[in-house]
Amino acid sequence: MKKILTLALLAITLLPQTALAQYNSDEEEEKVFSAYVEADLVSHYMWRGQDRGSISIQPQLGLKFWDFSFLATGNVGFDKDDEQEINLTLGYEKFGFNIGVTNYWQTGLDPENRYFHFDKTDTAHSLEGNLGYTCEYFSLQAYTKFWGNDYKLDGKRAYSTYVELSVPFHISDINIEAKVGITPFESAGKREYKGKTDDLGKPYAEPVYFYGENFTCNLISVRATKTFHYRSFQFPIFAELHTNPYLQKANFLVGVGIVAF
């Protein structure tokens, strides 16, 4: 009888500790690894001051392991003429500093739209390096393309670079983010015939730049987001004024998303 009582007391003593250890183990695992899936529906696809298409669905998959992250994003337009994208990013973040590499792929750059075609002279892929710092007051990010479809008008490697400063703030329960983006020097470019002619009446191929022909301001934008929560889901609704001073363009877009953790 004494043995039974001793074992019972021992079980009562160890059970809470075992449960607590299991809880701490689960909590620690959650900190080590996390994931989310998101899908946004936007009225217009704007990216770094560029008009990339009309109504679009933009899926995302995010994975994080310790300080490393993997992000897959895409874009599919409702208009059959809109370009499609698949973008894959590997990143590392510590103490607010981040570094990463993104592989961009989009239709329209390769006549056959081949995903596994990696000839740097005519591939639809491009690689971009990213370096930045983020804190509660601002985020400063710099992006430079270093491989793939990224050439100047003269055929030389462009190393197209984009630098963006974003500042978050709040009004009531609405999150607002203001952004300014610039390119410090000439970016990739190509010549396109747009119906213009020269002094002799011959068709003129006008230069078109990925970001700009020199130091330019590509983006001034403000986005307001209201997020609704339901269990493990979030439903962000956002509106954004997106302008490009260099191209003298402006767009107002809205969107809604669903985020599952």
Centroid-centroid under 6.0 Å between Phe252 and His44 rings: no

Exam field: side chain Asp82 to backbone Ser54, donor-acceptor pair closer than 3.5 Å: yes

Gap between atom CZ of Phe238 and atom CZ of Arg223 - 0.5 Å precision: 4.5 Å

Between Asn214 and Glu186, a side-chain donor and acceptor under 3.5 Å: no

Main-chain N/O of Gly49 paired with His242 side-chain donor or acceptor, under 3.5 Å: yes

Flag side-chain contact, heavy atom, 4.5 Å: Phe233 against Val259: no

Ionic contact status for Lys179 with Glu164, cut-off 4.0 Å: yes

Beyond-backbone contact of Asn130 with Gln141, side-chain heavy atoms, under 4.5 angstrom: yes

Step-by-step side-chain contact (heavy atoms from CB on, under 4.5 Å) determination, Leu127 to Thr102: CA-CA 6 Å; Leu127 294 179; Thr102 298; over 6 Å; no

Nearest heavy-atom neighbours spanning Tyr133 and Asn98: N-OD1, 3.6 Å

Side-chain donor/acceptor of Asn218 to backbone N/O of Asn244, under 3.5 Å: no

Spacing of Lys94 atom NZ and Ile99 atom CD1 [to the nearest 0.5 Å]: 15.0 Å

Rounded distance (nearest 0.5 Å) linking atom OH of Tyr115 with atom CD of Gln106: 12.5 Å

Spatial distance of atom OG (Ser69) from atom CD (Glu93) [nearest 0.5 Å]: 7.5 Å

Minimum side-chain heavy-atom gap Glu38-Ile258 below 4.5 Å: no

NZ or CZ of Arg48 within 45° of Tyr211 ring axis and under 6.0 Å: no

pair Cys217-Tyr246: side-chain heavy atoms closer than 4.5 Å: no

Test side-chain contact (heavy atoms from CB on, under 4.5 Å) applied to Tyr209 and Leu153, step by step: CA-CA 9 Å; Tyr209 298 91; Leu153 294 175; 3.4 Å; yes

Spacing of Leu140 atom CG and Ser166 atom OG [to the nearest 0.5 Å]: 8.5 Å

Hydrophobic cluster membership, Leu165 vs Ile182, 4.5 Å side-chain cutoff: yes

Full working for side-chain contact (heavy atoms from CB on, under 4.5 Å) between Thr216 and Thr183: CA-CA 6 Å; Thr216 56; Thr183 184; 2.8 Å; yes

Main-chain N/O of Gln84 paired with Thr107 side-chain donor or acceptor, under 3.5 Å: yes

Residue list, salt bridge (charged side-chain N to carboxylate O under 4.0 Å, His left out) with Lys145, at least two apart or on another chain: none

Short side-chain to backbone donor-acceptor contact, Asp110 and Arg114, under 3.5 Å: yes

Side chain proximity check, Val42 to Ile55, heavy atoms < 4.5 angstrom: no

Min side-chain heavy-atom separation Phe146-Arg157 under 4.5 Å: no

Whether Thr243 side chain and Ile220 backbone form a donor-acceptor pair below 3.5 Å: yes

salt_bridge(Glu85, Arg52) N-O dist < 4.0 Å: yes

N/O donor-acceptor pair under 3.5 Å between Gln50 side chain and Phe210 backbone: yes

Within-4.5 Å side-chain heavy-atom neighbours: Thr227 and Thr225: yes

For Asp81, all residues meeting side chain to side chain contact (heavy atoms under 4.5 Å, CB included), sequence neighbours excluded: Asp79

Hphob cluster co-occupancy, Val32 + Leu63, side-chain heavy atoms under 4.5 angstrom: yes

Any side-chain donor near an acceptor of the partner, Tyr36 and Gln234, under 3.5 Å: no

Hphob cluster co-occupancy, Phe68 + Leu71, side-chain heavy atoms under 4.5 angstrom: no

Test item: Thr161 side-chain N/O and Tyr159 main-chain N/O as donor-acceptor pair under 3.5 Å: yes

Within 6.0 Å of CD in Gln248, more than 12 heavy atoms from elsewhere: no

Contacts of Phe228 that satisfy side chain to side chain contact (heavy atoms under 4.5 Å, CB included) - sequence neighbours left out: Lys226, Phe235, Ile237

Shared hydrophobic cluster for Ile57 and Tyr104 (ILVMFWY, side-chain gaps under 4.5 Å): no

Cluster overlap Tyr45 with Phe78, hydrophobic side-chain contacts below 4.5 Å: no

Greater than 12 external heavy atoms within 6.0 Å of Tyr137's OH: no

Test item: Ser232 side-chain N/O and Phe261 main-chain N/O as donor-acceptor pair under 3.5 Å: no

Main-chain N/O of Met46 paired to Asn251 side chain as donor or acceptor, under 3.5 Å: no

Exercise: identify the closest heavy-atom pair between Leu219 and Pro245: N-CD, 4.1 Å

Ser160 and Tyr162: CA distance, side-chain angles, deciding distance, side-chain contact (heavy atoms from CB on, under 4.5 Å) verdict: CA-CA 7 Å; Ser160 298; Tyr162 174 79; over 6 Å; no

Shortest non-hydrogen contact from Ala72 toward Leu88: CB-CD2, 3.7 Å

Test item: Phe33 and Lys64 side chains (from C-beta on) under 4.5 Å apart, heavy atoms: no

Value rounded to 0.5 Å, distance of CG in Asn75 from OG in Ser56: 4.0 Å

Aromatic contact, His125 with Phe118 (centres under 6.0 Å): yes

